[in-house]
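Step one of this worksheet: look at the structure below.
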Protein chains: 2
Amino acid sequence: MTELEQRCAKAGLKMTGQRRTILKILGEAADHPSVEDVYARAKSIDTTISIATVYRTLSLLDELDLVIRHEFHEGHSRYELNWDHHHHLIDLESGQVIEFQNKELEAMKEKIARDLGYELVDHRLELYGKKIKGKKK
Amino acid sequence: MTELEQRCAKAGLKMTGQRRTILKILGEAADHPSVEDVYARAKSIDTTISIATVYRTLSLLDELDLVIRHEFHEGHSRYELNWDHHHHLIDLESGQVIEFQNKELEAMKEKIARDLGYELVDHRLELYGKKIKGKKK
DNA sequence: GTAGCTGCAAACTCTTTGCAACTCT
DNA sequence: AGAGTTGCAAAGAGTTTGCAGCTAC
């Protein structure tokens, strides 16, 4: 039983085959799959799984904070495991999503929230950019 | 003719009554209205306006970058004029949206993008927090 | 055994679109 | 005059839900 599965079980979720399949897919995903993506990958493992189950499972995982739901202005959501905290740079030309982390940024966000009288619970930063062509090294 | 209307006209948009109404509403909005909000307010000025026109106009304004479209994970979009650049802190308990700016943050984001080999075109930062009750002054 | 989970299909919400009539320039 | 815009209603996309049967615990 994986750590992820343990955390689900601890939250009172029954570990069904479908849920194991979806957790496996999320654990192996190097990208930020949409619901349709997760569904397609799940079907290659369990051909009988339904998209309703994928929606329900991802919502549950989101509530448990095991997963992060993104809205990259595409008309649908994308998901990823909530493992290591990071942010995203979206390539406006190719749609490619690049992950990054930055300690200073984290500290700064905490401070901004505190100065406004808030305890920071969650936050999102998305950068949208274009690749610089002429590499001025 | 307002500056906003001039910028629309310059982009080749015809200045119809409906568009003027919507621009007026956005200019006067102190919040971040949803499409339904804009539609409701528009109707109080022009009872014959349709929600299709509101959708179409907001999309156009978004393309022209006169407006910013937000997805605060509510299942619908919210809009605001793209005047002064700022970010948002969303109160998780009340849903209240607080705006803030931060120079250091801006500089840092430019740097992160550049270091990744990207020219920053746009970006979003959203903080989600809870009000700190015991004001430890 | 039973509370919870699943697949299916229908329903729902938000948004977009085809079309004929109308209007800004 | 003519290209662009509008309202209407229908269609589309993404997501949720009621229900009967099934399954993990």
Side-chain angles (χ1 to χ4, degrees), chain A residues 1-2 4-25 32-40 42-64 66-79, chain B residues 1-2 4-25 32-40 42-64 66-79:
Chain A
M1 199 181 216
T2 68
L4 215 44
E5 289 179 13
Q6 282 174 21
R7 290 175 67 184
C8 288
K10 190 171 291 180
L13 299 194
K14 287 189 178 169
M15 281 317 305
T16 64
Q18 293 90 331
R19 286 180 179 166
R20 257 185 257 273
T21 300
I22 291 167
L23 289 173
K24 184 168 184 293
I25 285 162
H32 306 75
S34 64
V35 175
E36 292 286 347
D37 291 335
V38 174
Y39 178 51
K43 270 211 153 171
S44 74
I45 298 173
D46 168 3
T47 56
T48 69
I49 199 168
S50 81
I51 199 163
T53 296
V54 177
Y55 270 107
R56 279 189 278 233
T57 303
L58 291 173
S59 292
L60 277 171
L61 296 176
D62 188 25
E63 270 168 44
L64 296 177
L66 294 177
V67 126
I68 294 174
R69 179 154 69 100
H70 291 286
E71 307 263 7
F72 292 150
H73 292 90
E74 302 167 299
H76 58 255
S77 301
R78 289 170 173 275
Y79 291 84
Chain B
M1 198 182 215
T2 68
L4 215 44
E5 289 179 14
Q6 280 172 22
R7 289 173 68 183
C8 288
K10 190 172 290 180
L13 299 194
K14 285 188 179 169
M15 282 315 306
T16 64
Q18 292 91 331
R19 286 181 179 162
R20 259 186 257 270
T21 299
I22 292 168
L23 289 173
K24 183 168 184 294
I25 286 162
H32 306 75
S34 65
V35 175
E36 291 286 348
D37 291 335
V38 174
Y39 177 52
K43 270 209 153 173
S44 72
I45 299 174
D46 168 4
T47 57
T48 68
I49 199 167
S50 81
I51 198 164
T53 297
V54 177
Y55 271 106
R56 278 190 279 232
T57 302
L58 290 173
S59 292
L60 276 172
L61 295 176
D62 188 24
E63 272 169 43
L64 295 178
L66 294 177
V67 127
I68 294 175
R69 179 155 69 101
H70 291 286
E71 307 263 7
F72 291 150
H73 292 90
E74 302 167 298
H76 59 254
S77 302
R78 290 171 172 275
Y79 291 84

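Throughout, protein chains are lettered first and strands after them, A, B, ... in sequence-line order, and every chain is numbered starting at 1. Quick caveat, the model's predicted, so the values are computed rather than measured.
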Considering just the side-chain nitrogens and oxygens of [X], establish if one lies under 4.0 Å of OP1 or OP2 belonging to [N].
{"X": "Ser77(A)", "N": "dT15(D)", "result": "yes"}
{"X": "Gln18(A)", "N": "dG7(C)", "result": "yes"}
{"X": "Tyr55(B)", "N": "dT15(C)", "result": "yes"}
{"X": "Thr53(B)", "N": "dT5(D)", "result": "no"}
{"X": "Thr16(A)", "N": "dT6(C)", "result": "yes"}
{"X": "Arg56(B)", "N": "dT6(D)", "result": "no"}

Hey, does Ile49(B) reach any base, or is it just sugar-phosphate, or nothing, if we go heavy atoms under 4.0 Å?
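Sugar-phosphate: the residue Ile49(B), judged by heavy atoms under 4.0 Å, touches backbone atoms but no base.
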
Nearest to the side chain of [X] - [options]?
{"X": "Thr48(B)", "options": "dG7(D), dT5(D), dT16(D)", "result": "dG7(D)"}
{"X": "Val35(B)", "options": "dA3(D), dC25(D), dT15(C)", "result": "dT15(C)"}
{"X": "Ser50(A)", "options": "dC8(C), dA9(D), dG2(D)", "result": "dC8(C)"}
{"X": "Ala52(A)", "options": "dG2(D), dT6(C), dA9(C)", "result": "dA9(C)"}

Can a donor-acceptor pair be found between the side chains of Asp37(B) and Ser34(B) at a distance below 3.5 Å?
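Yes, side-chain donor-acceptor contact under 3.5 Å.
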
